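Take a look at the structure set out below.
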Amino acid sequence: MSVFDTMERSKLQEMVLSGEIDSDCLLKDLVQWVTLVYYNLFANLDTGEHRACPVSRRGNAAYALRQSFKKSMLAKLIKKSTISKETSSGLFSHLFFLTLTIDHDTMSRDEANRFITTKGKGISRFFARLEKALDGGYSKVIVKESTTSGYPAVHIILHLERPLKIKWHRKSRSYRPDPSDPYTRSILAKLKNLEDWNSKSPIWGQGFIDIYGFTNDNLQMKGYSNPINYIAKYISKSLDLQDIPDLEKYEKVSELPEKYRTKIWTVLNNLIWNSQTWVISKSFREDLKKIKEKIEKLKSRWFFVDTVSVDNPRLYQWMGWDLDDLPPDIALALKFNPKITPPRKVVIM
């Protein structure tokens, strides 16, 4: 059993918050979680076909593939939306990108990661305050990334019904809200202290907010062609442990070379705190559902049969492999699990 299993997660969270377990020391548990592969077995009652599909677990290839599909669909929705318009008063945008960070002096790393969960209520309170300031509704997409220190960085894409005025900033090479417009200034003053842009955000309270705007002709975000691609850069890639040299020798995330820490911390913190990969508002979800309905739907009757680990002989028997003629690496793994489980009764998914 893994410390990240659903039945163990509440206990793990309590131990992390109390200091009994240091989340920095859970690297080896994370490696074990990602490398232990399970498969779902399916049977087609119309054709007699058998299929084995990798179980999606945070950080593995199957999980990353699912997130890649969602990323692509969301990117298409963003492109189709009304993004900006030019008026006699200037350039106005409906689409904004926000990053919320937490001051390290305000709370510990683990307290900060709990704060941005549903239980911590940090993000829900932020949006409750923002809604009071906005004139009109909004749609949102949220992804929780981690920094190299393990502290969270909450990325938010906002599509506002009433647009805000923006202008081009040469230094940052990006569009930013323009406070010369009264309504834009009133919203910006909630997000940023206009007297001291380097101070904590009034509406967030726990740290800082960075804000970008977009236009129909400019959706780029820090080298990515679409802000969705930017916020999904870690969750849509598997935690390929072969890409991290000598991973086995490291005991802590903080001991890893800095370039790997953001990726590792993002998966680890999402596992510990059971964070939703995406938080997507109702209007975006409805549009995604329409796209999915066009893409999917297998006509024949596929049924779920069982879930087995990669070292279970039944997986290979199910797929019609000869157990006496398996590749050497698989045959070696099966020596530790030689029992062939008899097929269970097929049950409807």
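Everything quoted here is computed from the prediction, not taken from an experiment. Quick note: numbers below take in every heavy atom, side chains included, and nothing from hydrogens, waters or symmetry partners.
- When ring centroids are compared, Phe69 and Trp278 stay outside the 6.0 Å threshold.
- Residues Ser180 and Lys167 have side chains that never bring a donor and an acceptor to within less than 3.5 angstrom of each other.
- One finds the CG atom of Asn218 at 9.0 Å from the OG atom of Ser174 (value rounded to the nearest 0.5 Å).
- Applying salt bridge (Lys or Arg N to Asp or Glu O under 4.0 Å) to Arg109 and the options Asp103, Asp22, Asp24 leaves one that passes, Asp22.
- Side chain of Arg129 to main chain of Ile203: a donor-acceptor pair is present (N/O by atom type, distance under 3.5 Å, no hydrogens or angles).
- Heavy atoms from other residues, nucleotides or ligands lying under 6.0 Å from NZ of Lys28 number more than 12.
- The main-chain N or O of Lys165 is never found under 3.5 Å from a side-chain atom of Asp178 such that the two would form a donor-acceptor pair.
- A donor-acceptor contact under 3.5 angstrom links the side chains of Tyr63 and Thr277, judged on distance only.
- A cation-pi contact, defined as under 6.0 Å to the ring centre and within 45° of the axis, is absent between Arg58 and Trp33.
- Within 6.0 Å of the NZ atom in Lys237, the count of heavy atoms belonging to other residues, nucleotides or ligands does not exceed 12.
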task = Please report the C-alpha distance between Leu271 and Asp29 in whole Å, then the side-chain angles of each, then the deciding distance to 0.1 Å, and finally whether the side-chain contact (heavy atoms from CB on, under 4.5 Å) criterion is met.
result = CA-CA 11 Å; Leu271 270 172; Asp29 295 275; over 6 Å; no

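- Figure legend: cation-pi geometry between Lys233 and Tyr230, with NZ or CZ positioned under 6.0 Å from the six-membered ring centre and within 45° of its axis.
- The cationic group of Arg9 does not satisfy the cation-pi geometry with Phe4, failing either the under 6.0 Å distance to the six-membered ring centre or the 45° limit from the ring axis.
- With hydrogens and angles ignored, the 3.5 Å screen pairs a side-chain donor or acceptor of Arg261 with a backbone N or O of Leu256.
- The residues Lys192 and Asp210 are annotated as not salt-bridged, no charged nitrogen and carboxylate oxygen being separated by less than 4.0 angstrom.
- Distance check, rounded to the nearest 0.5 Å: OH of Tyr250 to OH of Tyr260 gives 8.0 Å.
- Within a 6.0 Å sphere centred on CD of Glu195, heavy atoms belonging to other residues, nucleotides or ligands number 12 at most.
- Under 4.0 Å is where a charged nitrogen must lie from a carboxylate oxygen, and between Lys11 and Asp5 no such pair does.
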